[in-house]
Amino acid sequence: MAHTPFQIEVLTPDGEVLGGEAEMVSTRTSLGEIGILANHAPLLGMLEPAELRVYRSEGEVLRFAQSEGYLQVGGNRLMLLAQEIHAPDQLDLAALREQLAEAEQALAAAGEDSERRRAALRERRRCQVFLKVAEGAAS
Amino acid sequence: MPSQRDVRNRIASVQNIRTITRAMEMVAAARLRRAEQRIEALRPYAEAIRRMTREAASAAGEVRNLPILAVHASDQRAGLLLVAGDRGLAGAFNSQIVRAGVAAGRVHEAEGRTPLYFASGRRPASSLAFRGLDPVAAFTGFSDRPSYADARRIAQRLVAAYVDGEVDRVEVFYNGYVSPISQVVRRETLLPLQQASVMGGEDDAGDGASSSAEEPRRRGLVEYEPDPGEILGRLLPDYVEVSIYRALLESTASEHGARMTAMRNATENAGVLIEDLTLQMNRARQAAITQEILEVVAGAEGVS
């Protein structure tokens with residue numbers, strides 16, 4: 001069965017990644033997985049690094065690795081902001097593993113309950129999710 | 001008087017310089033266009049972040065005690081971030097930032113605050129070190145084409161410095177991009193975040209008036225995941241990141257604009273120099289010919 005399409009706008013600091021219409025968008029807020037269909041209630045959500053899936057139609061699903069960001073739904077429009085959004089085949093596995101190792105080091109060096117420690121934890125989380133998305137594409 | 005060969009060699013070397021400066025002008029022009037596009041590309045994202053920050057803040061009501069918003073009780077250390085380039089040959093682009101930053105640092109000192117310098121770009125980092133004002137942290141290697149990750153690295157360092165009490169305020173100095181031939185030094189206070197500029201302030205989007213009128217009504221209807229206060233806690237650092245990214249992008253566009261202008265001037269100067277040297281060479285050649293004729297005539301007269 002086909003769902004009603006609605007307008008989406010997916011933005012990063014480097015410009016628009018995706019526009020047009022979709023039938024469903026799924027990602028992850030800090031409270032858990034979320035799927036947005038047409039006519040969703042107004043929402044402002046904080047997104048965790050996740051695999052972003054945009055269902056253009058029944059058969060066409062776009063997958064992305066998405067970093068932390070925000071999701072706003074209102075007036076049957078969806079706006080998704082994230083610092084980074086990449087197609088899985090654009091991800092550089094070697095570079096990600098390196099960044100993950102750097103984050104681990106930063107974590108080990110950071111003081112207890114410091115802002116630096118929290119930043120390192122978030123960076124580690126992003127690397128882990130991106131790696132998972134990239135490996136999902138490879139297998 | 002230099003010999004003809006000396007002058008010819010100089011002309012050749014000035015011609016080489018002109019080829020290089022002309023190529024650099026062209027490269028700078030191409031990069032400038034790309035840098036301008038990136039400033040444009042950031043705008044919708046930056047506006048959306050601002051709008052969401054405002055909405056989350058108004059929904060959170062009494063803005064909670066977020067460390068990033070808290071003004072420190074003691075105001076003794078001022079963090080100064082100088083944003084310029086990795087390379088020179090761009091006119092006053094680098095030096096005017098260092099000059100403005102160091103002057104501001106002196107004013108802070110006179111007012112009893114210790115200035116702590118942060119540098120983005122190799123040039124300001126080395127200029128500061130040369131003046132004996134070693135930067136606390138230097139971020140280099142991206143001034144040609146900064147990425148959001150670079151901005152995030154700088155923002156995280158500065159936010160951490162502020163929240164962990166290393167500095168009590170943070171100011172940023174950068175070349176604001178006005179047009180390809182005009183850059184102005186901008187000085188902005190980054191931290192503590194000015195509540196007025198984030199929450200209130202003029203709307204940059206046209207729908208501002210209607211959305212603020214609707215806000216009280218909408219507040220009850222919008223779901224928040226998680227609660228607005230928590231979202232705000234992450235939006236605010238992102239707001240700082242976006243501000244720094246904008247500064248980096250504007251600085252990059254300014255750098256390419258300044259280099260383009262500087263290289264165009266250098267190319268023109270080289271042209272003038274070549275003309276002067278050619279004239280000088282022709283004179284030298286003419287003088288040599290006149291000399292030879294005189295010698296021949298004098299020789300002929302001596303024989304007769």
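Fair warning: this is a prediction, and the values are worked out from it, not measured in the lab. So you know, we letter chains A, B, ... as the sequences are listed, proteins then strands, and number each from 1.
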A:R53: side-chain contact (heavy atoms from CB on, under 4.5 Å) partners, not counting sequence neighbours: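 Listed in chain order: A:S26, A:E51, A:Y55, A:V61, A:R63.
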Any residue meeting side-chain contact (heavy atoms from CB on, under 4.5 Å) with A:Q7, in chain and number order, not counting sequence neighbours: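 By the side-chain contact (heavy atoms from CB on, under 4.5 Å) rule, A:Q7 matches A:E21, A:R77.
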At a heavy-atom separation under 4.5 Å, does [X] approach chain B through its side chain, its backbone, both, or neither?
X	result
A:T12	backbone
A:R126	side chain
A:A82	backbone
A:E84	side chain

Between B:P228, B:P67, B:A48, which has the largest tally of heavy atom pairs under 4.5 Å with chain A?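 Highest number of heavy-atom pairs under 4.5 Å: B:A48.
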Option in B:D238, B:L235, B:V242 with maximal non-hydrogen atom pairs under 4.5 Å from chain A: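 Highest number of heavy-atom pairs under 4.5 Å: B:L235.
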Atom CZ of B:R187 with >12 non-hydrogen neighbours under 6.0 angstrom: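 Yes, CZ of B:R187 has more than 12 neighbouring heavy atoms, counting only those of other groups under 6.0 Å.
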Would you say CD of A:Q128 has more than 12 non-hydrogen atoms from neighbouring residues, nucleotides or ligands within 6.0 angstrom?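 It does: A:Q128 CD has more than 12 such atoms within range.
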Under 4.5 Å between any side-chain heavy atoms of A:L71 and B:E225, yes or no?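 With C-beta onward as the side chain, the pair stays apart.
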Portion of [X] that has a non-hydrogen atom of chain A nearer than 4.5 angstrom:
X	answer
B:E241	side chain
B:I49	both
B:R43	neither

Heavy-atom pairs under 4.5 Å with chain B - which of A:V73, A:L44, A:L11 has more of them than the others?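 Top option by heavy-atom pairs under 4.5 Å: A:L44.
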Working to the nearest 0.5 angstrom, can you tell me the gap between B:M52 CE and A:M79 CE?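 So the gap between those two atoms works out to 6.0 Å.
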Can you tell me how far the CE atom of A:M46 sits from the CD atom of B:E230, to the nearest 0.5 Å?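 If I round to the nearest 0.5 Å, the distance is 5.5 Å.
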Could you pull out the closest heavy-atom pair between B:A41 and A:D14, with the gap in Å?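 Nearest pair, atom of B:A41 first, then A:D14: CB-O, 3.6 Å.
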Taking all non-hydrogen atoms of both residues into account, name the closest pair between A:Q83 and B:Y148 and its distance.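 The answer is CG-CE2, 3.3 Å.
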Which residues, numbered in order, of residues 30-42 of chain A come under 4.5 angstrom of chain B by heavy-atom distance?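 A:S30, A:L31, A:I34, A:H40, A:A41, A:P42, listed by number.
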Contact listing (chain A partner; residues 155-167 of chain B; heavy atom under 4.5 Å):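 Within residues 155-167 of chain B, near chain A: B:Q156, B:R157, B:V159, B:A160, B:V163, B:D164, B:E166.
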Using 4.0 Å as the upper bound for N to carboxylate O, is an ion pair formed by B:R153 and A:E123?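 Not counted as a salt bridge, because no side-chain N and carboxylate O are separated by less than 4.0 Å.
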